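What follows is a set of notes on a single structure, which appears directly below.
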Amino acid sequence: MNDIPKITVGGLPIAVEDCDGAARTMLEHAYDSRGKGRKPLYVTSANGQVLSMCASDSAIRELFLKADLIHADGTPLVKAARLLAKTPLPERVATTDLVHNAARMAEKEKASFYFLGATQEGIEKAVANMKRLYPDLIFAGYRNGYVSADEEQGVIDEINRAAPDILWIGMGVPLEQRFVARNLEKLTGVGVVKTSGGLFDFLSGKNSRAPQWMQDVGLEWAYRIYQEPGRLFWRYLTTNPHAVWLLLTRTR
């Protein structure tokens, strides 16, 4: 996507788009790709944890650099870009917001989604809740994210037959990026692939978003620690200081 401007934030090339613009980019590419059997547009996103992981592990960094577009899914990235980069980022493009921007457009324009990730119960609840919010949204299909090596090609074949405009994959970083790297060239029935992290846990109601004021000041990570201290406390304790240093020294 050479027409989407990018700036370096924390060491990664970040697309300069807002949520509506990102949704429009994805859908327009999907419409243009219908029936052409070509590799899909690959969209991912980065937060402080991702910046830290990419700086610490060259293999993970290469996985992210394979994406056509990387969006800023973190308020600190937006604030750092506004202070230090040649071009400011207009806003945070959180996947938990982007899916709704895209769904509102897709519902009106008859574009289709496919959800891949979470547990079977979680993905069913996520789809059911989205259908309640967007009754005319087309789901080409959905599947849990527990895919064995023996099952993987069959899942890819199933998705290609369903031919969704946007495939949302939520397996967590870096599992979802590795899944895409292995299969991007094979997903010729798909318009756009969007990695989605824990999106389906939010859509299913398992997790809740932080209060808006915490999102606005970049403290959603603290709310997530409050929700899942055992899993997230050490992760954020180690990655947040590193991410701050990266934002200050590798943003331009």
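This one's a predicted model, so the numbers in the text were calculated from it and none came from an experiment. Side chains included, hydrogens not; waters and symmetry mates left out as well; all remaining heavy atoms used.
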Scanning both residues in full, the closest heavy-atom pair of Ile4 with Ala15 reads CG2-CB, 3.9 Å
Take atom OH in Tyr146; do more than 12 heavy atoms of anything else shown fall under 6.0 Å from it? no
Are the aromatic rings of Tyr114 and Trp168 close, with centres under 6.0 Å apart? no
Check for me, please, whether Met105 and Ile166 land in the same ILVMFWY cluster - side-chain distances under 4.5 Å, paths through other members count. yes
Heavy-atom check, side chain of Gln177 versus side chain of Thr44, under 4.5 Å: yes
Rounded to the nearest 0.5 Å, what separation is found between the CG atom of Asn101 and the SG atom of Cys19? 4.5 Å
Is the closest side-chain heavy-atom distance between Asp165 and Arg34 below 4.5 Å? yes
Pair Arg143 + Glu151, salt bridge at N-O below 4.0 Å: yes
Could you verify whether a donor N or O on one side chain and an acceptor N or O on the other, from Arg38 and Ser33, lie under 3.5 Å apart? yes
Test applied, side-chain contact (heavy atoms from CB on, under 4.5 Å); reference residue, Leu77; option that passes from Thr251, Leu246, Leu51: Leu51
Step by step, work out the salt bridge (Lys or Arg N to Asp or Glu O under 4.0 Å) result for Asp68 and Lys39. CA-CA 11 Å; Asp68 297 294; Lys39 182 179 74 172; 5.6 Å; no
So how far is it from Ile14 CD1 to Thr87 OG1, rounded to the nearest 0.5 Å? 13.5 Å
Using the rule that Ile, Leu, Val, Met, Phe, Trp and Tyr join whenever any side-chain heavy atoms are under 4.5 Å apart, tell me whether Leu199 and Met171 fall into a single cluster. no
With a 4.0 Å cut-off, would you call Arg24 and Glu109 a salt bridge? yes
Asn240 side, atom CG; Asn47 side, atom CG - distance, nearest 0.5 Å: 9.0 Å
Within the 3.5 Å criterion, strictly below it, is a donor on Glu17 or Thr25 matched to an acceptor on the partner's side chain? yes
Any side-chain heavy-atom pair of Ser196 and Val99 under 4.5 Å: no
What heavy-atom pair brings Ala181 and Leu63 nearest, and what distance separates the two atoms? CB-CD2, 3.8 Å
Do Ile138 and Lys110 have side chains that approach each other closer than 4.5 Å (heavy atoms only, starting at C-beta)? yes
Please give me the minimum heavy-atom distance between Asn160 and Gly189, naming the atom from each residue. OD1-N, 2.8 Å
Of all the heavy-atom pairs spanning Ala118 and Asn144, show the shortest one and how long it is. O-CB, 3.3 Å
Atom CG of Leu187 and atom CD of Glu185: how far apart are they, to the nearest 0.5 Å? 9.5 Å
Can Glu121 and Lys125 be counted as an ion pair, charged N to O under 4.0 angstrom? yes
Hey, does Arg61 have a side-chain heavy atom less than 4.5 Å from the side chain of Leu12? yes
Distance alone, cut at 3.5 Å: any donor-acceptor contact between the side chains of Ser45 and His71? no
Between Leu65 and Pro13 the two heavy atoms that sit nearest each other are CD2-CD, 3.7 Å
When rounded to the nearest 0.5 angstrom, what is the spacing between CG in Leu167 and CD1 in Ile159? 5.0 Å
With a 6.0 Å cut-off (strictly less than), is the heavy-atom count around CZ of Arg252, excluding the residue itself, greater than 12? no
For the student: nearest non-hydrogen atoms of Val190 and Val193, plus distance: CG1-CG2, 4.1 Å
Could you tell me which residues satisfy side chain to side chain contact (heavy atoms under 4.5 Å, CB included) with Asp150, sequence neighbours excluded, listed by chain and number? Ser148
Kindly work out whether a path of hydrophobic side-chain contacts (I/L/V/M/F/W/Y, heavy atoms less than 4.5 Å apart) joins Phe64 to Val93. no
Any side-chain heavy atom of Leu133 within less than 4.5 Å of one from His100? yes
Gap between atom CD1 of Ile70 and atom OG1 of Thr195 - 0.5 Å precision: 9.0 Å
If we only count heavy atoms from C-beta on, is the Leu116 to Tyr142 side-chain gap below 4.5 Å? no
Start with the C-alpha distance between Ile169 and Lys194, add both sets of side-chain angles, then the distance that settles side-chain contact (heavy atoms from CB on, under 4.5 Å), and finish with yes or no. CA-CA 6 Å; Ile169 302 177; Lys194 173 68 177 80; over 6 Å; no
Report whether Phe113 and Leu69 are members of the same hydrophobic cluster (ILVMFWY, side-chain heavy atoms less than 4.5 Å apart, transitive linking). yes
Ring geometry between Phe115 and Phe139 (parallel below 30°, tilted from 30 to 60°, perpendicular above 60°): perpendicular
Please tell me if the side chains of Phe179 and Glu152 come closer than 4.5 Å, counting only heavy atoms from C-beta onward. yes
